[in-house]
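Some notes on the structure that comes next.
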Amino acid sequence: MHVSLARNFCRCHRTILFTCHPALTLMAEHRSPVNAGIGHPKSYYCDEFVKKERFLLETCMYFPFTAAKNLCGFGEEPDALLSRFSHLQMILILVLDKARHENRITIDRKGNPKVYYRIDSDIRHAFVRAMQAGAEIFFASGAYRAHIPASENFFTYADQADRLEEVISSRHFKSGQISLSAAHMMGGCRMGTDPKTSVCNSWGKVHGFDHLYVADASLFPDSAEVNPYLTIMALADRVAEGIRRDLGFE
């Protein structure tokens, strides 16, 4: 059934575009403990840069293993940072990528999905600007050094805060050396009335299938400009309502 669904939406080649909120985590060290792992980890976010620069900043705090994978480097410097875990502050960057023709999912002859995604110049620019903004927040909050992947050295220090655009730049954003993640998979099964340009109807039911529904972020037509969890739950509730109606429970 999953293969049939995949082939169905791949035939609608204008609807298989997907986005994934490319992401990375910034870390800063304070001289005194901040114990950021206590309490809800994503209580605040900054959407000041959403419309013009296409990135969102969120507070976060990840366990040491997850934090370590976001570090660029090996040896004494990563050890020195992680050994001060109770003194760390973290910021999650979500780049609000646009649905583009080249970023898509296809199905090979064996029915396996193949993902094509490119980190283009727009995404790179958004990451660099987000890192500059994150560093500014770190130092304004009292951190004395930070690990910013697209910077000159492993650590960026508070006395460099007046020249962050010079220290953190695209020339230091090197593919393969910066650990990027895909935070939220979205798109691929767009809702619509025409099977030629959509996979599902407005209630999440897949065109051409009597008992197949989609109820997650696959229904999104583009990247969400916020953390998508509430929108996903609202869509799932709507799809459930449609299923109840289709089954005659109303």
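A donor-acceptor pair under 3.5 Å links the side-chain atoms of N201 to the main chain of G204, judged by distance alone. R171 contributes no side-chain N or O that, together with a main-chain N or O of S151, makes up a donor-acceptor pair within less than 3.5 Å. Between the side chain of N103 and the main chain of A99, no donor-acceptor pair closer than 3.5 Å is present. No donor-acceptor pair closer than 3.5 Å links the side chain of H147 to the backbone N or O of E77. When atom types are taken as modelled, the side chain of D216 and the backbone of A236 share no donor-acceptor pair closer than 3.5 angstrom. Side chain of R190 to backbone of G187: no donor-acceptor contact under 3.5 angstrom is found. A donor-acceptor contact shorter than 3.5 Å links the side chain of T59 to the backbone of Y44. The backbone N or O of G192 sits less than 3.5 Å from a side-chain atom of H207, completing a donor-acceptor pair. At least one donor-acceptor pair under 3.5 Å links the side chain of S83 to the backbone N or O of D79. Side-chain atoms of Q132 come within 3.5 Å of backbone atoms of I168 as a donor-acceptor pair (strictly under, hydrogens ignored).
Screening I107, T106, I105 for a side chain to side chain contact (heavy atoms under 4.5 Å, CB included) involving K114 leaves a single residue, T106. Only one option out of K42, H21, E58 pairs with N227 in a side chain to side chain donor-acceptor pair (under 3.5 Å); it is E58. Paired with L219 under the rule side chain to side chain contact (heavy atoms under 4.5 Å, CB included), one option of L235, I232, V199 passes, and it is L235.
Taking a 6.0 Å sphere around CD of E152, one finds it holds more than 12 heavy atoms contributed by other residues, nucleotides or ligands. Open room surrounds CD on E76; 12 or fewer heavy atoms of other groups in view lie less than 6.0 Å from it. Other residues, nucleotides and ligands place no more than 12 heavy atoms under 6.0 Å from the CG atom of L230.
Ionic pairing of R100 and D120 is present here: one or more N-O contacts between side-chain nitrogen and carboxylate oxygen are shorter than 4.0 angstrom. Ion pairing between a basic and an acidic side chain is recognised when a charged N comes within 4.0 Å of a carboxylate O; R54 and D122 show no such pairing.
L71 and I148 sit in two unconnected hydrophobic clusters of ILVMFWY residues. Membership requires side-chain heavy atoms under 4.5 Å apart, directly or through other members. Linking ILVMFWY residues whenever their side-chain heavy atoms come closer than 4.5 Å, directly or via other members, places Y117 and V95 in the same cluster. Both I178 and I123 sit in one connected hydrophobic cluster of ILVMFWY residues. Membership requires side-chain heavy atoms under 4.5 Å apart, directly or through other members. No path of Ile, Leu, Val, Met, Phe, Trp and Tyr side chains, each step under 4.5 Å between heavy atoms, connects M61 with V34, placing them in separate hydrophobic clusters.
Side chains of S223 and H184 form no contact here, defined as non-hydrogen atoms less than 4.5 Å apart. Using a 4.5 Å heavy-atom cutoff, the side chains of V239 and W203 are not in contact. Taking 4.5 Å as the limit, every side-chain heavy atom of F49 sits out of range of all side-chain heavy atoms of L56.
Annotation for Q89 and S141: closest pair OE1-OG, 3.1 Å, computed over non-hydrogen atoms. Smallest separation of non-hydrogen atoms from S179 and N70: O-OD1, 3.9 Å. For A161 against F139, the heavy-atom pair with the smallest separation is CB-CD1, 3.9 Å. Across all non-hydrogen atoms, the minimal contact from D97 to D222 is O-OD1, 3.9 Å. Nearest heavy atom pair, residue P149 against residue M131, reads CD-SD, 3.8 Å.
Using cut-offs of 30° and 60° for the angle between ring planes, the Y144 and Y157 rings count as tilted.
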Begin from the C-alpha positions of S32 and H87 and carry the test side chain to side chain donor-acceptor pair (under 3.5 Å) through to its verdict.
CA-CA 6 Å; S32 300; H87 294 63; over 6 Å; no
Could you walk me through whether F138 and T156 pass side chain to side chain contact (heavy atoms under 4.5 Å, CB included), step by step?
CA-CA 11 Å; F138 282 150; T156 300; over 6 Å; no
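Both the sub-6.0 Å distance and the 45° axial angle are satisfied by R145 relative to the ring of F155.
Ring to ring, F18 and F220 are not that close: their centroids are 6.0 angstrom or more apart.
Side-chain atoms of K69 and S181 include a donor-acceptor pair closer than 3.5 Å.
Here the SG atom belonging to C200 is positioned 8.0 Å from the CE atom belonging to M191, to the nearest 0.5 angstrom.
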